[in-house]
Every structure is written in C-alpha cells, then in structure tokens.
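Here is the structure we will look at, set down as structure tokens.
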Amino acid sequence: MNIKITLPDGSIREYAQGVTGLEIALSISEGLARQVLAAKVNGQVWDATRPIDCDATVQLLTWNDPEGKATFWHSSAHLMAEALEALYPGIKLGIGPAIENGFYYDIDFNGHQFSQDAFEQVEAKMLELARQKNPFRRIQVSKEEAIAYFAQKGDPYKLELLEDLQDGEITFYQQGNFTDLCRGPHIPDTSFIKAVKLLNTAGAYWRGNEKNKMLTRIYGISFPKEKELKEYLVLVEEAKKRDHRKIGKELELFTFSERVGQGLPLWLPKGAILRDRLEQFLKKAQLKAGYQQVVTPHIGSKQLYLTSGHYAKYGKESFQPIHTPDENEEFLLKPMNCPHHCEIYRSKPRSYRELPLRLAEFGTVYRYEQSGELHGLTRVRGFTQDDAHIFCRPDQVKEEFKKVIDLVLYVFSTLGFQEYVAQISLRDKEDRSKYIGSDELWEKAEQAIIEATQEKGMQTVVEYGEAAFYGPKLDFMVKDALGRRWQLGTIQVDYNLPERFELEYIGPDNQRYRPVMIHRAPFGSLERFVAVLTEHCAGQFPLWLAPEQVAVLPISEKYHHYAQEIFSLLQQHDILGYLDERDEKIGRKIRDAEVKKVPFMLIVGEKEQSQHTVAVRRKGQGDIGSMPLNEFVSYFKEQVALSMRPSE
RNA sequence: GCCGUUGUAGCUCAGUGGUAGAGCACUUCAUUGGUAAUGAAGAGGUCGGCAGUUCAAUUCUGCUCAACGGCUCCA
C-alpha cells in the first residue's frame, strides 16, 4: 500500500507504507540523505529512521534547522553518557537534553572522582564510539519492562522519571552499549558526530529542586564538521573579549572592593560620566513625555513595606531592618521605589484632572541577592533604577501603557538595541498563592498589557509564572556577549498597590475613585544597562556616550602650549577628553588612545601650530585630514548628533 | 544559599617545603619624535585572610573571604 508524502515545497510524492525520512531523502538525492538528522512528520520531530505509516507532511531536518541541531545535540548527550559509563562504571544518570548551544547531562558519579582534567579523555572516548557508526534504535517498552531494566541497572533517577510516565508511551533509545529512557528523537547513527568539546561542569540539583541531591552537570557541544567546532570556539573567544567585567576594568568604568562588600559596585569617574549621560538622556525624554522628577530617601519605615506587601513576601530574604538606637524603630533599605512614590501621591487630595500623574526618580535600591547569584554589573546588591510610576484613571491605562512602550523602544533604538525579546510575564497558571490581589483585577491588568502590545503590533512571547507578585509585566530582554539573557526594561500594570495604599482621586462626579499604577523602567537598572551596552558595543560606545571623546596629542613638548589652548577650547564646548603631555612619541600616544577606544585624536605639531589647525584622526579609520579647530568642533557636533539618531 | 574551579606586584600571568619572578603600567633620567609600543635605571608584594602540621609554609591540611562557571532565586 502506498502513502502520500507532502514535502515543504508543496509537492506530493507516493511511497510504500512504512517509508522513513531517510528513505525519502535518498529518493531525492544522496547528498541530502547524508545530511538528514531527523524528520518533521506532521509537525512532530521524529527519527529519520522511523517508519511513516500514513499520509503525512514531512520536512527533512538537517544541521541548518534548529530542530535538526537540537536532535544532533540530544544524541550527543547520549553519546557522552555512553562514554562516561564506559569510563566510570556504576554512575547514575539524571537527564541529558539539548540546549540553545550544545547539550548537557546530569550525572551522579556515585563515588567516582571527576574533574575537567578528564575532559580530553571523555572527548576521545566519544569520538571513538562515534566512529563505530552505531545506529540509534528506538525501542518501545512497557512500563513494567522499563522499571525492571532500571531497577536491575540501579538507576534511581530514571526510576523516578518513570513514575510520571504513562504505560504505552515509554521508549528507550539504544546505541552501542548504551540504553537510555528517552522520548527521542535521535539522529540516524553516531557517525554524524565528528567534533565534540566538553565545555564546563557545574552542580545542578536533581529536578532543579534545592532539596534534592546535587548532580554534576557536564556541558558540551558537538558538530558535524571539525571546522564548525573551530569557528564556534573563535566565537566564544570573541564573546569573552566583550565581557563587560573585562572591558569595565580596562576602560576604568567601575570596580568592586571586598571591603565595601560584594555586589556593591563602585563607579569610577569614566563610568560615572557614562551613567550621567544616560540619565540626562532619559530625563530629557521623560520631560517631553510629561514626567516629573522626584527624590526620595534610601530607607523607609518597615511599616511602609508591611503596607505594600513587600515585607510579607520578601522580608526574610532581604537585608534586615535597621533599628534606631533609642526608639527601636525599624527601617529597611529600600528595595524598590513604589511605596515612596505612593506616599507622594497621597501627600494631597488628587483630582481626576491631575491624572495621569507621572513620577520619575533615578532611585537607588538595595536587594539581598544570594551570593552565588552576583555577576558583574548585571546582578548586584545596590543599583539604580530609572524608575517611574504613572498614576492614572482606569480608562487611561492602555493609552499610558502604549506611551511607555514608545518610550522604551525610543531608548532601545537610540542605543542600537535592535535585537530584543518582548515578553509578557503573567501569573503562574497553577500556583496563585504567590500573588496578591483579586483574580478580577489581575485579569484586567493582563488584558491591558495584551491589548496594548497587540495594538502596537509588537511581537511578543508569553511566559507564565514570570509576573511580579502584584501584577503582570511586559519585560524587554536582551542577550549578553556569552548568550545569557538579561531583562532590561520592564513595564508593569498594578491594581493592587493603589488598594493597599488606599490611593484615591476625586472624579468629575465628586466621588472617590481608585487610580491604577504603571511601574516602568526603560533601562531597568543603570548598572545592568551599562553592562549590556558595554558588551553590545564591545566598549566602543557611541560618540555621545563616550567618557573620553577627544584626545589631544602634541607631537612633542614644544607644542604643549598650543595643545593646551586647543584642549581648553574643547572643554568650553563641553567636549570630554584628555591632553596627553607625556614624554612619549606620537605613535605611542596614538596607540594608547586607540586602546582606550577614544573616538577622536587631535594631533598637533609644527604644521598645525603654524597654520592654526588640528590633524584629526578617527579611531579605527586613521588620519582624516587637518582643519581649523572651529571646523572640527562643528564636525564633531554633527557626529554626536548622528550617533544619537534612532536607528531604523 | 548549594556544587565545582580559582586567588602571587595596579593589570596579565610564571614559579617553589628553605620568606619570590616576567611583561605592561608607575617614578626618574636621556631623548623632542608626525599617525598603533624610544632607550636606560628605579621603585613596588606580610604570595586573599585566620589557624594547624613542620626545624622551616606562598607551597601541605582545615576554616574563612572573594572572584569565576552553573543550579536555585530575582519586588
């Protein structure tokens, strides 16, 4: 009996029943067959060797398809497990999935010593096994058989996983001497794996629960070609060069001190300039958008956070209250600015005519983060939010929300972040105990976000369980140099805090109403934003942000006087930079300025002094000719404006 | 917080059971130079901290602090 197979180009071919993806590929071309890793059958990824029994739509997956890569890496995880089992008999296996870049397997080494020194040995074993061209076999087993197998093998983790599986849908995959409980799919055989590299090890709790045993997670990556592994490793090196912790040190943006405490960044002069420019930029944009700046203290009475609900939620995992010596009053370092802003709202009766009231503050907050979580500037214990709270009428929520989206996107585009993910963060579907407020209010808030993003025509992803405890959010995420995702901007709709703080306004009918709050921070925090921006531009900041914009480099001591004149004129135009009066040759001064990523160098010597010009050199471009200083200043200002123009 | 790795000069890193080295940076001197490193000399470290083993510890052991890679967490 024949079945009809529809291919992605729309063509329909007939094959005998039980045809496999691999056979279909072979019927098209041998070259294709050599590349096929898996097959997407009616939208589901299958083994390329699995028989297809009825009419189906089939897409053949290769290394160029994300699902093809995932299958490849998943199979690589099995291969690694096989190699590890061969080298360390008696180990227990957790889970071993493919991830965004590679794969991992969680291993209980059951008494064996394992360290990264053994990586090469494991890699060699994997390649040895790969060359055996062992097919991955899919085996359907009953639950009983499956339990018997792992009970005999003595693998408690697999037995635990089996508990949650239904009889009848359990499959094993077997290659060489290795059998694993696995849903699949897998690549046809191990010989596709031509290059492997183990990357690092890490502890990981069994099933992600910190009450469970910690297993050793081994990360690795593999490729169908040796060359691709090399390219990948070059890419990783490049990413490391962009790491904001490294660049931050080199460019003297920030530092940490053990004596000050972990997670408490010290901003150095150049970093402070960067921060300040970002603040000024946003303040200006916010002024235009109708925000008003406020300032509030760094601590607040514990009572404030009891009211807001933050104390009940986070009190135990926060910095503990400060006690006054005499009255024994309790104060908390402020972990967020909203309660303070609520009190500003309450400072006088409000009319509907005043709304929306938009209160903005670069507010420094302190949160106790677990020590193992701290990471450069992206995860710290003291940081400054570009915070604002919009108090508005319920009928204004959507419009205000959309305006905030515009502001966030304006900020992103001005700073060159084209790639970001807008994530709608909603409540956990099952566990509602983590949240305050009624279902009705939550639904209103969630609806407002969904509608606003739809009306803006934004591409969004929805994540459940990612909401704040008082309301849903729209989060903007970007990736760092090493591919880790970080949340930058956030916009949150909140019906709950106005309740808790009993915020009110008088409506046109002279009745009291409750306003709605929108929390928002386009940068998120200055710290994290600077970190991600640093990596984004590899320390080569746009001209308007560069902490050192122009270096004045006299050829020799004889021209110091003229150079000083030039430098002070630059200062009068608010151009930042330095004058290099060191007793060094010009080549050296240029090199040092290049290394410091200074965008412009003005070289002055005999010729410039006599003609009253400056020789302009642009970083990365070289000499761009001589001109009178005033000409350079206007050229420079043009370039600053260009560097700020929102990219399309 | 948990698992693993690391900690030597301002930075990047060698090294050893007998109290330490390089390059760059820094200081001084010579040099007055034209688009990515001029030369010489000097100074700089209680080898993360505390304890223990030892005749002797930077080196071995324990604890502790911090950083790094993950896990968990993230108002």
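Chain identifiers are assigned alphabetically (A, B, ...) following the order of the sequence lines, protein sequences preceding nucleic acid strands; residue numbering begins at 1 within each chain.
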Taking the six-membered ring for Trp, are A:Tyr88 and A:His112 parallel (under 30°), tilted (30 to 60°) or perpendicular (over 60°)?
perpendicular

Parallel, tilted or perpendicular: which one describes the rings of A:Phe632 and A:Phe636, with boundaries at 30° and 60°?
tilted

Mind checking if [X] touches a base, just sugar-phosphate, or nothing, with heavy atoms under 4.0 Å?
X        : value
A:Glu606 : base
A:Arg217 : sugar-phosphate
A:Ile590 : base
A:His375 : sugar-phosphate
A:Lys249 : sugar-phosphate
A:Glu258 : sugar-phosphate
A:Ala615 : base
A:Ser308 : nothing
A:Gly587 : sugar-phosphate
A:Glu608 : base
A:Gly622 : nothing
A:Glu594 : base

Any donor-acceptor pair, under 3.5 Å, between the side chain of [X] and the base of [N], if you only look at N and O atoms?
X        : N      : value
A:Tyr205 : B:rG1  : yes
A:Arg245 : B:rC68 : no
A:Asp106 : B:rG70 : no
A:Arg379 : B:rC73 : yes

Give the rounded distance in Å between these two atoms: CZ of A:Phe383 and P of B:rA75.
10 Å

For atom CZ of A:Arg427 and atom C1' of B:rA75, their distance in whole Å
17 Å

Name the closest nucleotide to the A:Glu584 side chain, picking from B:rC71, B:rU32, B:rU38.
B:rU38

Which value, in whole Å, describes the distance between the C1' atoms of nucleotides B:rC73 and B:rC60?
38 Å

Give a yes/no verdict on a cation-pi contact between A:Lys596 and A:Tyr578, requiring under 6.0 Å between NZ or CZ and the six-membered ring centre and an angle within 45° of the axis.
yes

It should be established whether A:Ser371 places a side-chain nitrogen or oxygen under 4.0 Å from OP1 or OP2 of nucleotide B:rG1.
yes

Would you say A:Tyr219 stacks on B:rG70, if stacking means ring centres under 5.5 Å apart and planes within less than 30 degrees?
no

According to the Watson-Crick and G-U wobble definitions, with both distances under 3.5 Å, which nucleotide is paired to B:rC50?
B:rG62

Kindly indicate, with the supporting measurements, whether the criterion side-chain contact (heavy atoms from CB on, under 4.5 Å) is fulfilled by A:Glu400 and A:Arg358.
CA-CA 10 Å; A:Glu400 282 303 305; A:Arg358 307 179 187 92; 2.9 Å; yes

So, for A:Phe254 and A:His244, which heavy atoms are closest and what is the spacing to 0.1 Å?
CZ-O, 3.6 Å

Test A:Tyr314 against every option in A:Phe319, A:Tyr305, A:Phe469, A:Tyr368 by the ring-ring contact (aromatic ring centres under 6.0 Å, His included) rule and name the one that passes.
A:Phe469

